[in-house]
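Below is one structure, written out as structure tokens; comments come after it.
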Amino acid sequence: QVQVVESGGGLVQPGGSLRLSCAASGIIRLYVMDWYRQAPGKQREFVAFISSGGTTNYADSVKGRFTISRDNAKNTVYLQMNSLRPEDTAVYYCRAGGRYWGQGIQVTVSS
């Protein structure tokens, strides 16, 4: 069983940046890690993915603005979010190994 905890969310102005962290209780170096988000009234959607070998993939809506990375020594995955837009407002969830979800963390982009 792997427990996943997100941190780093909050309120930011349009055009600003945030870095989300996802800390796992277990060893994640062999796990695929990804980020999803869910805006009010919408379904949860894929944001970014990183394989155990470091291959990444992004939703078209965040490509070029968000960067996913991992530090296996710290069992932590990061999501660097730049040039944030109001439509990025959502609860962001981290998932480990395709099955272990965190509780989610709120990101609000507003002036």
Side-chain angles (χ1 to χ4, degrees):
Q1 185 77 14
V2 174
Q3 293 186 331
V4 176
V5 179
E6 303 94 341
S7 62
L11 173 65
V12 64
Q13 291 188 342
S17 298
L18 281 176
R19 188 177 80 155
L20 303 183
S21 297
C22 168
S25 62
I27 297 173
I28 62 166
R29 66 179 184 276
L30 297 180
Y31 282 10
V32 166
M33 301 291 295
D34 35 36
W35 287 93
Y36 282 72
R37 67 186 181 186
Q38 187 167 16
K42 295 189 176 181
Q43 290 190 332
R44 193 172 296 189
E45 65 176 7
F46 167 77
V47 175
F49 153 103
I50 186 165
S51 73
S52 59
T55 300
T56 58
N57 191 30
Y58 299 92
D60 287 343
S61 59
V62 307
K63 205 170 290 185
R65 300 187 299 121
F66 291 11
T67 302
I68 188 171
S69 61
R70 64 192 300 158
D71 184 340
N72 289 333
K74 296 182 178 180
N75 292 319
T76 301
V77 173
Y78 304 98
L79 185 68
Q80 177 67 43
M81 305 186 295
N82 298 328
S83 301
L84 283 161
R85 305 166 180 168
E87 53 264 38
D88 294 317
T89 295
V91 177
Y92 283 71
Y93 297 90
C94 180
R95 185 177 69 168
R99 52 180 170 163
Y100 301 109
W101 290 92
Q103 296 278 20
I105 192 159
Q106 179 70 45
V107 171
T108 302
V109 184
S110 175
S111 55

Linked, directly or transitively: [X] and [Y] (ILVMFWY side chains, under 4.5 Å):
X   : Y    : value
I68 : W101 : no
V12 : Y92  : yes
Y36 : I50  : no
F46 : V107 : no
Y93 : V4   : no

Check [X] against [Y] and note the closest heavy-atom contact, atom names and distance.
X    : Y   : result
L79  : A48 : CD1-CB, 4.1 Å
S111 : P14 : N-CD, 3.7 Å
R37  : V62 : NH1-CG1, 3.9 Å
Y58  : F66 : CE2-O, 3.3 Å
W35  : E6  : CZ3-CG, 3.8 Å
I27  : N75 : CA-OD1, 3.4 Å

Side-chain contact test, heavy atoms from C-beta onward, threshold under 4.5 Å: evaluate it for [X] versus [Y] and give yes or no.
X    : Y   : result
S110 : L11 : yes
D88  : M81 : no
F49  : S51 : yes

Quick one: do D60 and K63 make a salt bridge, cutoff under 4.0 Å?
yes
Exceeds 12 heavy-atom contacts within 6.0 angstrom, atom [atom1] of [X]:
X    : atom1 : result
Q3   : CD    : no
Q43  : CD    : no
L30  : CG    : yes
Q106 : CD    : yes

For the residue pair R19 and Y78, would you count it as a cation-pi contact if the rule is NZ or CZ under 6.0 angstrom from the ring centre and within 45 degrees of the ring axis?
yes
Could you list the residues that satisfy salt bridge (Lys or Arg N to Asp or Glu O under 4.0 Å) with R29, not counting sequence neighbours?
none
Interatomic distance, S21 atom OG to Q80 atom CD [nearest 0.5 angstrom]:
9.5 Å
Which distance, rounded to the nearest 0.5 Å, do you find between the SG of C22 and the CZ of R70?
9.5 Å
Looking only at atom types and distance, does a side-chain atom of T89 sit under 3.5 Å from a main-chain N or O of V109, one as donor and one as acceptor?
yes
